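Reviewing the structure listed below.
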Amino acid sequence: MAKAQIIIIGRPNVGKSTLFNRLVGKKLALVDDQPGVTRDRRFGDANLLGLEFTIVDTAGWEDEDPDTLPGRMRAQTEVSLHGADAAMFVFDTRAGLTPLDEEIARWLRQSTIPVILVGNKAEGRASESGLLESYSLGFGEPVAVSAEHGEGFADLFQALLPHVEGKEVQDDEDEEGTAGPLKLAIVGRPNAGKSTLINAMLREDRLLTGPEAGITRDSIAVDWVWTDPKTDEVRPVRLIDTAGMRKKARVVEKLEKMAVADARHAVDFAEVVVLLLDATKGLEHQDLKIAAMALEEGRALIVAINKWDVAEGPSGLFNGIRAALEEGLSQVRGVPLLAVSARTGKGLDELIAAAFDLREAWSKRVPTSLLNRWFDDVLEKNPPPAPGGKRIKLRYITQAKTRPPGFVLFGTRLDDLPMSYQRYLINGIRRDLGFDAVPVRLTLRSPKNPFAKS
C-alpha cells in the first residue's frame, strides 16, 4: 500500500502552501501575500515528528462560476478529495470564519472523508475568538498552529496519527541511472499547451488549463506509468509541468518572477526537458533562450511542436524550425524535433519513447578500451594544430561522469588548443560513441610545469 494521503483545503490566503512547505521541510510551493497563488494540486512527502504521509496542497476554494479560472481551480480541489485518507480544513484564526469557510464546511460534511480542523496564524491572543468561533463548523476541537513559525505541530501530530498510522509505506525505487522514473520537464512560453499536453498523456484533467496565459505557477510533478505500444512494456515517468517563461524584460510582477525561477529550478531536477512550441506562433528567440538554458544545465533536450492539428503549411513550418534550431543551437546538433497535438493525441507515444532513448544516451558510460581506440583514431585522422610551431600533445581522454556525460582530456599546452578542435572532439564523441544530441562536457587538464614561475 502507498502512504496515507492528506489533503489541505481552505479558502485563499489562509496559509495552506506555508503549511505544506513546513510539513515537507522544503519551500516547494510558491508563497505570497496575495490570494490565489496556488492553482494546481501539488504533492509532497511529509514528515511530522517521524509520521510519514503524502501531503497535497490545493488551490484556494472560491465561489465562482465553473467556467471561470477560479471555478476551474475549485473543481481541481474537489477532485483531490477522491482517494484521500483525511482532509485538513485550514482557516485563518485572526480573520475568523467567513461565509466561504462555512460553504467549504457544508461541502466537506457531505463527504465521508475525516476532517481535521486547523486554525492557522494562531500565534498570539488575537486568534482566540476565531478558534472559539470555529466550533460552530461541527468538526470538533480545532488544532491551533502557526505554519509560519512552526508552532502547534505536536497537536497536529496527535490529530493526524489515527489517519496515518498503520499505512504501509513502499520503499522508493533506486532512481539512479535508467532504473527509476523518467524525470521529464515540459517547458516553454506561456500558452504553448504544456498543462494540456500532460493532461492528454494522463488522459484526465489533472492540471488546470484554459485559454488564459500563465495559469501554471508552481512546477507540478505528476507520477505516471506509460505503456510502450510497441513492446507493451510498462515504464514509470515523472512529468513536471512548469510556468511559462516570457522574455525577462516582460516579467515585472514578483509572483511571475517567482514562478519562472521555480520553472528553472525544475529543469535542474529533470533528466530530459521538452521545449514545447506553439505551431500557430512558430519558433521565437525566447524559445531558443529557453533551449540554451536547458542545455547549459546539462539536460537532454527534445523540441516538440504542439497544436500540429491546426498548423498552417506544416511541412514548411517543420523544416523552417529545424533549420532555425540547427543555426541557433550550434552547441548541440541534431536535437530531436517532433510534431505533437495535445488535442488529438498525435505523437505523444513517440515523444515519450524519444525521451527514454535520450535519457539512455545521457546516462551512458563508454568502456575505457573503446574510448581509447576512438581517441587514437581521431588523432590519426586529424592531429591537433601546432600554433607558433609548438606542438600540442594530447595524451589520453577519460570519461569522468555521466548525466550529463563529462570527459577529461589530458595533455600538454592545452591552453593553446583552439575551440574549433575541442568542438571537433565533442562532435566526434556524440557521433561515434552514441551520445546523439545530449550535451557533452569536455574539461582540459595539463600537468603543472615545475619550472614555471608562480
Side-chain angles (χ1 to χ4, degrees), residues 3-25 27-29 31 35-38 41-62 74 77-78 80-81 84-165:
K3 295 179 184 178
Q5 191 173 103
I6 309 297
I7 312 293
I8 303 176
I9 288 176
R11 62 179 176 81
N13 219 30
V14 295
K16 298 185 297 299
S17 294
T18 305
L19 177 60
F20 175 89
N21 285 342
R22 175 71 66 173
L23 289 171
V24 299
K27 291 184 178 179
L28 292 182
V31 176
V37 172
T38 301
R41 286 172 278 162
R42 175 185 281 277
F43 291 71
D45 293 322
N47 188 316
L48 177 58
L49 305 176
L51 196 64
E52 295 185 349
F53 53 96
T54 298
I55 189 73
V56 185
D57 189 19
T58 63
W61 180 286
E62 298 192 53
R74 187 184 68 205
T77 300
E78 290 174 351
S80 71
L81 210 58
D85 292 282
M88 284 196 289
F89 176 19
V90 182
F91 70 98
D92 184 339
T93 58
R94 289 181 295 185
L97 295 187
T98 68
L100 196 50
D101 289 319
E102 292 170 351
E103 180 185 333
I104 297 169
R106 282 194 295 273
W107 173 70
L108 285 171
R109 283 196 296 268
Q110 294 171 6
S111 75
T112 58
I113 300 295
V115 176
I116 300 163
L117 188 60
V118 179
N120 191 28
K121 308 181 185 180
E123 63 274 14
R125 301 187 64 180
S127 65
E128 291 178 1
S129 61
L131 287 169
L132 290 172
E133 189 181 7
S134 70
Y135 280 89
S136 65
L137 296 176
F139 296 119
E141 183 178 358
V143 180
V145 303
S146 171
E148 186 174 354
H149 299 100
E151 298 174 4
F153 281 78
D155 292 334
L156 185 60
F157 171 89
Q158 293 296 334
L160 284 169
L161 189 61
H163 309 291
V164 175
E165 200 174 37

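Quick caveat, the model's predicted, so the values are computed rather than measured. Numbering of residues begins at 1 and proceeds along the displayed sequence.
Contact of the M88 side chain with the I55 side chain is registered, since non-hydrogen atoms from C-beta on lie closer than 4.5 Å. For the pair H163 and F53, the minimum side-chain heavy-atom distance is 4.5 Å or more. Residues L48 and F153 meet the side-chain proximity criterion, which asks for heavy atoms closer than 4.5 Å.
In this structure, the side chain of R94 does not engage the main chain of A126 through any donor-acceptor pair within 3.5 Å. Formation of a donor-acceptor pair under 3.5 Å by the S146 side chain with backbone atoms of A122 is not found in this model. Side-chain atoms of D85 come within 3.5 Å of backbone N or O of Q5 as a donor-acceptor pair. A donor-acceptor pair under 3.5 Å is absent between the side-chain atoms of R11 and the main chain of F91, judged by distance alone.
Defined by atom type and a distance below 3.5 Å, a donor-acceptor pair is present between the side-chain atoms of D101 and T98.
Shortest non-hydrogen contact noted between T58 and I9 is OG1-CA, 4.0 Å. Across every non-hydrogen atom of G10 and I104, the tightest pair is C-CD1, 3.8 Å. Closest heavy-atom contact between A154 and L49: CA-CD1, 4.0 Å. Taking all atoms of both residues into account, the shortest heavy-atom contact from I113 to A87 is CG2-N, 3.7 Å. For the residue pair E151 and E123, the shortest heavy atom distance occurs at OE1-CB, 3.8 Å. Between I7 and A84, the closest heavy-atom pair is CG1-CB, 3.3 Å.
Note that NE2 of H149 is 11.5 Å distant from NZ of K121, once rounded to the nearest 0.5 Å. Atom-to-atom distance recorded for L19:CG and D57:CG is 8.5 Å, nearest 0.5 angstrom. Atom-to-atom distance recorded for L160:CG and L23:CG is 7.5 Å, nearest 0.5 angstrom.
The side-chain hydrogen bond (donor to acceptor under 3.5 Å, both in side chains) search around N120 returns none, not counting sequence neighbours.
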Report, one line per pair, each donor and acceptor closer than 3.5 Å where one atom sits in a side chain of residues 128-141; sequence neighbours left out.
unit_1: E133; atom_1: OE1; unit_2: L97; atom_2: N; d: 3.3
unit_1: S134; atom_1: OG; unit_2: L131; atom_2: O; d: 2.6
unit_1: S136; atom_1: OG; unit_2: E133; atom_2: O; d: 2.8

Exercise. Is there a side-chain contact (heavy atoms from CB on, under 4.5 Å) between T54 and D45 once you walk through the steps?
Worked result: CA-CA 5 Å; T54 298; D45 293 322; 4.3 Å; yes

